[in-house]
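First the structure, in the form of structure tokens, and then the observations on it.
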Amino acid sequence: MATAVVTAERENYLNKEYGVRSWLLTVDHKRIALLYLVSVTFFFLIGGLFALLIRLELLTPAGDLVQADTYNKLFTMHGMVMVFFFLIPVVPAVLGNFLVPLMIGAKDLAFPRINLLSWYLYIIAGVLMLHCMLTGGVDTGWTFYTPFSTAFSNTKVVEAGIAVFINGFSSIFTGLNFIVTIHRMRAPGMTWSRLPLFIWAQYATSVIMILGTPVVAVTIVLVAVERLFHLGIFDPKLGGDPLLFQHLFWFYSHPAVYIMILPSMGVISELITCFSRKRIFGYSFVALSSIGIAVLGFLVWAHHMFVAGISLYAALIFSALSYLVGVPSAIKVFNWTATLYRGSITYSTPMLYAFGFLGLFTIGGLTGLFLACLGVDVHVTDTYFVVAHFHYVMVGGVLMGYLGGIHFWWPKITGRMYPEFWGRLSALIVFVGFNLTFFPQFILGYLGMPRRYYQYVPEYQVLNVLSTAGATVLGVGYLMPMVYLLWSMRYGKPASDNPWNAAGLEWMTSSPPPTFNFDETPVVDFEAYDYEHIPEKHEEEVAVG
Amino acid sequence: MDSHAAVEHGPELLHHFSDAEQQRNAASLGMWLFLVTEIMFFGGMFCAYLVYRYWYFGDFGAASQTLDIRLGAFNTAVLIGSSLTVAMSIWAAQTGRRKVLVGLLLATILLGLVFLGVKAVEYHDKFEHHHVPGASFHFEGEVPGHPGLPVNPYHAQMFFSLYFAMTGLHALHMIIGIGLFSYLTYKAWTGYYTPKYYTPIENAGLYWHFVDIVWIYLFPLLYLIDRHR
């Protein structure tokens, strides 16, 4: 208990200054991470609300809750909010911001002010998006497909486009900041081969952010300009080509899927090593597979366009390349599994989420191979099979990793422990709810139910009811952590500096860390995940902290 | 010399860097990465340009030949000249020549303004000839090398759409650059930059060279299509 009192009184990044101003003008990466935590959670709730309305409408075959126009706006805004304002920033901007400097032994990111600028750009974009949604919304689908978006839709396409454009720069600056930080700010002895795999994943993510995002930004500019001034760049009536839009859009938006999933994969590497008390199996393979995914991710975009009218030869090549992405992804899954083998496993909340990730990502990844296959893809294009597939990867994968990470580092972030029982329960509920929501959608899609319609034939109703029921369970599972994590900030047990007895520099400073992270710059003379050399703590010690 | 080299540093060293060299390296890498994102940003437009130029080569040639090659060439020379003054300003900063530095930065701004002025004249000309895409767009002519084959006005309009989008984006970068250099000139005049600390000059220089290089590509792509006929 004495330790706890000392920890509480120590000056740290949370109690150093108080007041709104000290938060809104902070350049401390840890505080900016918390600003992001609050804002992405807000957008998650908005996107979740749209999801709820979509699932409610689909409870019955007829259109009773909303009609076609409203439904189009619902799935569009669900997609835009969740993709651009939640999934893309969530792990890098919250966990990455908090952990990248801590894990490499730096005092802050290389450009703290640009980091704050990123958050403000995100907020400006978010406010614009909210304004767009409140004053009529947009109905193009999150993909902005032309010529519908440029010539036909009578909703707020330009405003949504500007929001996505500005948000893109937030993402670009975050990526740029991470790359420079990882290159230039590592503590003495922190070589590339000693970096935690979370850092490798963030690095690969950042590469995609800075290479892909500008392309979608300029594409959205072209859409907006074409809509405003009636140019013909994507308009077939004026000699333009809508396929060019799809190429440019997916050149970013397919790699964007890896912007979402890679950071979560990094989290999983941290969780699995810690809770099986083992060094990761095949460190360099897991590290380089992140880079491999980033590189290959840029070569597969046209698999979104197999039925859009690209040439058969192009489709064949993109199909083959899409299969290749399976290789680095499988390397990761196999190496995580091999790490578990003969490890001494504890079933703490973060580990339960990691197991959930393994299961859901594997299903999502394998069904991705179905879709990479030309013949199968033609059959299931634009059906619920695709919807189920990308939700397994983007929601099952990303959110499981994120929630696991949030629980794992919560003691470091807040200095408090979350309630373990409720944590495990929520992990279980999320896993069950997720599968109940999205597994029926695989079957629906295989049976031919198309996506993006508000009505369907009565034969599909049973599976849709299951899916909606699952979504309710899932919603409860997501709300629970919000409640008990908030509760724990005040009433949680004070956390020790290293409650999990985990490896890594972030656990060698106090919880919560001081403003400049370390009292003295650490010198690294150990390998990553050196769990053989960390003595086991007893259960009581962990609890007392 | 004081032995506490780490303690004795200028006010420009930020708290989270361990020394001035680390800060300089970080800023430089950051700038290079930013330029990479800029290449990708322009890349989307270059991609659109390449596709349509390949499809509508004859119409693009006809439209391109209405551009004033002399003004384009003059502007190219002006921009290359400004890159020279930027490169020399870095030298002036390195060697601590404050007044020379200020003079060279001002020269850069001036050349940038000349470029934009000429660009404005060219844009004005396009307005007068109804070559601005939109409702009032009008284009008549023959495909170069194919007498009697009329130009498809939609394809000519596509050329001008891309022309305005690409040169407009480039001009926007010039305006930002001029703003940047105005700030640097003021700081240089106050003596903020020393041979030990001139990173902002170097990084703004990198940016300016990049904008220059974009133009070096834009000039032949937009002005010199099928000119040999």
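Please read these numbers as outputs of a predicted model, since none were measured by experiment. Quick note on labels: first sequence line is chain A, next is B, and so on, each numbered from 1.
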Select one option (side chain, backbone, both, neither) describing which atoms of [X] are under 4.5 Å from chain B's heavy atoms.
X: A:Leu238; answer: both
X: A:Phe245; answer: neither
X: A:Ile233; answer: both
X: A:Leu109; answer: backbone
X: A:Leu211; answer: both
X: A:Phe229; answer: backbone
X: A:Ile210; answer: both
X: A:Val215; answer: both
X: A:Asp241; answer: both

Flag the one option from [options] with the top tally of heavy-atom pairs under 4.5 Å to chain A.
options: B:Trp32, B:Tyr154, B:Trp55; value: B:Tyr154
options: B:Glu38, B:Met45, B:Gln23, B:His15; value: B:His15
options: B:Tyr56, B:Phe164, B:Phe160; value: B:Tyr56

task: Mind telling me whether B:His131 and B:Phe137 have parallel, tilted or perpendicular rings, with 30° and 60° as the class edges?
output: tilted
message: On a heavy-atom basis, which atom in A:Gly212 and which in A:Tyr252 lie closest, and how many Å separate them?
response: C-CD1, 3.2 Å
field: Residue pair B:His16 / A:Ala110: nearest heavy atoms and the distance that separates them
entry: NE2-O, 2.9 Å
field: Option among A:Lys107, A:Lys30, A:Glu506 that satisfies the side chain to side chain donor-acceptor pair (under 3.5 Å) test with A:Asn517
entry: A:Lys30
query: B:Leu184 versus B:Phe181: any side-chain heavy-atom pair under 4.5 Å?
result: yes
field: Qualifying residue, where the test is side-chain contact (heavy atoms from CB on, under 4.5 Å) with A:Leu176 and the options are B:Leu33, B:Val36, B:Leu29
entry: B:Leu33
message: Is it the case that the side chains of A:His183 and B:Asn25 hold a donor-acceptor pair, with the cut-off being a distance below 3.5 Å and no angle test?
response: no
field: Verdict with supporting geometry, B:Arg24 and B:Glu21, salt bridge (charged side-chain N to carboxylate O under 4.0 Å, His left out)
entry: CA-CA 5 Å; B:Arg24 189 171 167 276; B:Glu21 197 199 341; over 6 Å; no
